[in-house]
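Written below as structure tokens is the structure these notes are about.
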Amino acid sequence: MTNLTYKVFIDDTAYTQTQLDRYQYERTLHVLHELKALGVDLRLDNQSLSHTDLNWLAPEVATKISYQARTTLGEKGMLQLFRDVEADAERRWKAYNQDYDPRKSHIGTTITEVSGIGFQETMSVINGSFDSNAALSVNPEHYIIIGDIHSGQRGMEAFGMFGEPVYVHGIASQTIPGGLPFERDLDYPMIVCGQFLLKSDDTPIHVGACHQFRPSATGFTLKSTFFCPGKAPQAIADGHKLHFATEIVNSAKYAFMHQQ
């Protein structure tokens, strides 16, 4: 049986699975505390969990409870739960886009080398075409994922492990949006780009990602670049490098598991 292996590089620094696991655990707890604060009755062995109880959950248990809560709430339940929080997030993203200049955008790039699974199988999980629950499972800050980026996708997530989730939609292209401070890398023959609009009123918020792929004999290398307006905090772009790393590695694992 072929083994799955991967390497992650952010700003030329290698990240280990142990580091990624820790980031994911911390963000999982963040999401659980937020769900609890908004009124979700989180339970373990049919016992309601307090905020203190959440801090004593082992990582694998926290991940399971988070996933169950997000899938149970679904799109309608999540939008109702986050209605005030999400409205505030929209206001902030609109402010970040005042006098938008693409040349001043913040960017963050993550490079992932994968062996043991192909880019098409992995991308089907990342882009939502495998199924929406798969897309929810690969990152704790995916609150809603409906559809896929090729035919049209809507979703709610917190960009860059920062702030609060915002409800957006978009569709993929093979073109980097004009004026952004990075270019097409011809070492990667395939590209999928997307940027988001607010789902409520179609306001472009100039937030998105470009995934550039290079296949190999045993897998692929993926260069993922996040971008957001220059008036937004730099921390959003910095944090989304880690968001990408978690999402891509987990997507490769998910695809590999279902291929076996």
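The chain is numbered in sequence order, starting from 1.
Residues F119 and I117 share a single hydrophobic cluster, defined by chaining ILVMFWY side chains whose heavy atoms lie under 4.5 Å apart. Hydrophobic clustering places F213 together with I149 (ILVMFWY residues linked when any side-chain heavy atoms are closer than 4.5 Å, directly or through intermediates). The cluster map of Ile, Leu, Val, Met, Phe, Trp and Tyr, joined by side-chain heavy atoms under 4.5 Å apart, puts I236 and Y23 in the same cluster. Taking hydrophobic clusters as Ile, Leu, Val, Met, Phe, Trp and Tyr residues chained together by side-chain heavy-atom distances below 4.5 Å, Y15 shares a cluster with M161. Hydrophobic clustering (side-chain heavy atoms under 4.5 Å, transitive across Ile, Leu, Val, Met, Phe, Trp, Tyr) groups I144 together with L32.
Minimum heavy-atom separation, A62 to Y25: CB-CE1, 4.2 Å. Heavy-atom minimum distance, P177 versus F227: CG-CZ, 3.9 Å. Here the closest non-hydrogen pair linking F256 and G116 is CD1-O, 3.5 Å. In plain terms, the two heavy atoms of V31 and Y143 that are nearest each other are CG2-OH, 3.4 Å. Closest approach of K36 to S50, counting heavy atoms only: CE-CA, 4.1 Å. Shortest non-hydrogen contact noted between G170 and F196 is N-CD2, 4.3 Å.
K231 contributes a side-chain N or O that, together with a main-chain N or O of Q98, makes up a donor-acceptor pair within less than 3.5 Å. When atom types are taken as modelled, the side chain of T72 and the backbone of A69 share no donor-acceptor pair closer than 3.5 angstrom. Between the side chain of T110 and the backbone N or O of K241 there is at least one donor-acceptor pair closer than 3.5 Å. For H142 (side chain) and L136 (main-chain N/O), no donor-acceptor pair under 3.5 Å exists by modelled atom type. Distance alone, capped at 3.5 Å, is enough to place a donor-acceptor pair between the R83 side chain and the Q80 backbone. Between the side chain of N97 and the backbone N or O of Y100 there is no donor-acceptor pair closer than 3.5 Å. A side-chain donor-acceptor contact under 3.5 Å links Q153 to the backbone of G147.
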Let's go through L44 and Q47 carefully: what are the C-alpha distance in whole Å and the side-chain angles of both, what is the deciding distance for side-chain contact (heavy atoms from CB on, under 4.5 Å) to 0.1 Å, and is it a yes or a no? CA-CA 5 Å; L44 177 63; Q47 297 295 313; 5.8 Å; no

Please step through side-chain contact (heavy atoms from CB on, under 4.5 Å) for the pair V166 and E86, ending with a clear verdict. CA-CA 5 Å; V166 62; E86 197 280 331; 3.6 Å; yes

Between H211 and N127, does a side-chain contact (heavy atoms from CB on, under 4.5 Å) hold up when you go through it step by step? CA-CA 11 Å; H211 297 294; N127 68 24; over 6 Å; no

Please test T5 against N3 for side-chain hydrogen bond (donor to acceptor under 3.5 Å, both in side chains), starting from the C-alpha separation and ending with a verdict. CA-CA 6 Å; T5 61; N3 292 322; over 6 Å; no

Set out, in order, the CA-CA distance, both residues' side-chain angles and the distance that settles ring-ring contact (aromatic ring centres under 6.0 Å, His included) for Y96 and H206, then state yes or no. CA-CA 10 Å; Y96 292 155; H206 303 105; over 10 Å; no

Applying side-chain hydrogen bond (donor to acceptor under 3.5 Å, both in side chains) to N139 and T246, what does each step give before you reach the verdict? CA-CA 7 Å; N139 194 288; T246 299; 4.9 Å; no

Full working for side-chain hydrogen bond (donor to acceptor under 3.5 Å, both in side chains) between H169 and D202: CA-CA 8 Å; H169 71 111; D202 289 335; 2.7 Å; yes

Evaluate the criterion side-chain contact (heavy atoms from CB on, under 4.5 Å) for residue pair F244 and T112; output intermediate values, then yes/no. CA-CA 9 Å; F244 273 154; T112 312; over 6 Å; no

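Note that CD of E90 and CD1 of I205 are 8.5 Å apart. Values are rounded to the nearest 0.5 Å. Note that CG of L242 and CG of L20 are 7.5 Å apart. Values are rounded to the nearest 0.5 Å. Atom CD1 of I10 and atom CG of D238 lie 9.5 Å apart (nearest 0.5 Å). The OG1 atom of T122 sits 13.0 Å away from atom OH of Y254, with the distance rounded to the nearest 0.5 Å.
The existence of a salt bridge linking D185 and R214 is excluded, since no basic side-chain nitrogen approaches an acidic carboxylate oxygen closer than 4.0 Å. No salt bridge links E60 with K64; every basic N to acidic carboxylate O contact stays at or beyond 4.0 Å. With respect to the salt-bridge test (charged N to carboxylate O, under 4.0 angstrom), the residues R92 and E164 do not qualify. Look at D187 and K223 and you find no salt bridge, because none of the NZ, NE, NH1 or NH2 atoms lies under 4.0 Å from a carboxylate O.
Under the 4.5 Å side-chain criterion, counting only non-hydrogen atoms from C-beta, I126 is not in contact with V192. At a threshold of 4.5 Å between non-hydrogen side-chain atoms, the residues E141 and H30 count as touching.
The distance between the ring centers of H243 and F226 does not fall below 6.0 angstrom.
Side-chain contact annotation: R70 with S66, donor-acceptor N/O pair under 3.5 Å present. Side-chain atoms of H33 and N55 form a donor-acceptor pair, as typed in the model, at a separation below 3.5 Å.
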